[in-house]
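To keep things clear, I will list the structure first and then write my remarks on it.
Bear in mind the structure is a predicted one, so any value in this text is a computation, not a measurement. Values below: all heavy atoms of this structure, side chains included; hydrogens, waters and symmetry mates excluded. Along the sequence shown, the residues carry numbers beginning at 1.
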Amino acid sequence: MTRQIIIERTLNAISNLPEEKAQEISDFAEFVCKRYEELELTKGIQQMVASSDSFQFLEVEEDVYTLSDLKEV
């Protein structure tokens, strides 16, 4: 099913509903849009951080302790 067909089916269904129910669907659609935008923003931030060298120092952290520092094995 194409996007256009989905939109047309949804509009037809909404036009058959009372105003109160149509408003509920509108509110839900806005909620889904905001959630999608936040998800895309989060993905973008994660990609930016992953490709950044800001935390590269954590990968080359030297060992603070050795096996000789253990009191019990």
### Query
Should Lys21 and Glu24 count as an ion pair when the cut-off is N to O under 4.0 Å?
yes
### Considering all heavy atoms, the nearest Ala22-Ile14 contact
CB-CG2, 3.8 Å
### Any donor-acceptor N/O pair, Asn16 side chain to Ala13 backbone, under 3.5 Å
no
### Query
With respect to Arg9, which candidate in Ile6, Asn12, Ile5 satisfies the side-chain contact (heavy atoms from CB on, under 4.5 Å) definition?
Ile5
### Message
I'd like to check the side-chain contact (heavy atoms from CB on, under 4.5 Å) partners of Met48; sequence neighbours left out, ordered by chain and number.
### Response
none
### Query
Can we say Glu38 and Arg35 salt-bridge, meaning some charged N sits less than 4.0 Å from an Asp/Glu carboxylate O?
no
### Task
Determine, step by step, whether Ile45 and Leu41 satisfy the side-chain contact (heavy atoms from CB on, under 4.5 Å) criterion, reporting the C-alpha distance in whole Å, the side-chain angles of both residues, the deciding distance to 0.1 Å, and the verdict.
CA-CA 6 Å; Ile45 291 171; Leu41 180 62; 4.1 Å; yes
### Query
For Gln47, does its backbone N or O pair with a side-chain atom of Ser51 as donor and acceptor, under 3.5 Å?
yes
### Message
Measuring from atom CD1 of Ile25 to atom CD of Glu30, what distance do you get when rounded to the nearest 0.5 angstrom?
### Response
12.5 Å
### Task
Kindly check if the number of other-residue, nucleotide or ligand heavy atoms within 6.0 Å of CD (Glu40) is above 12?
yes
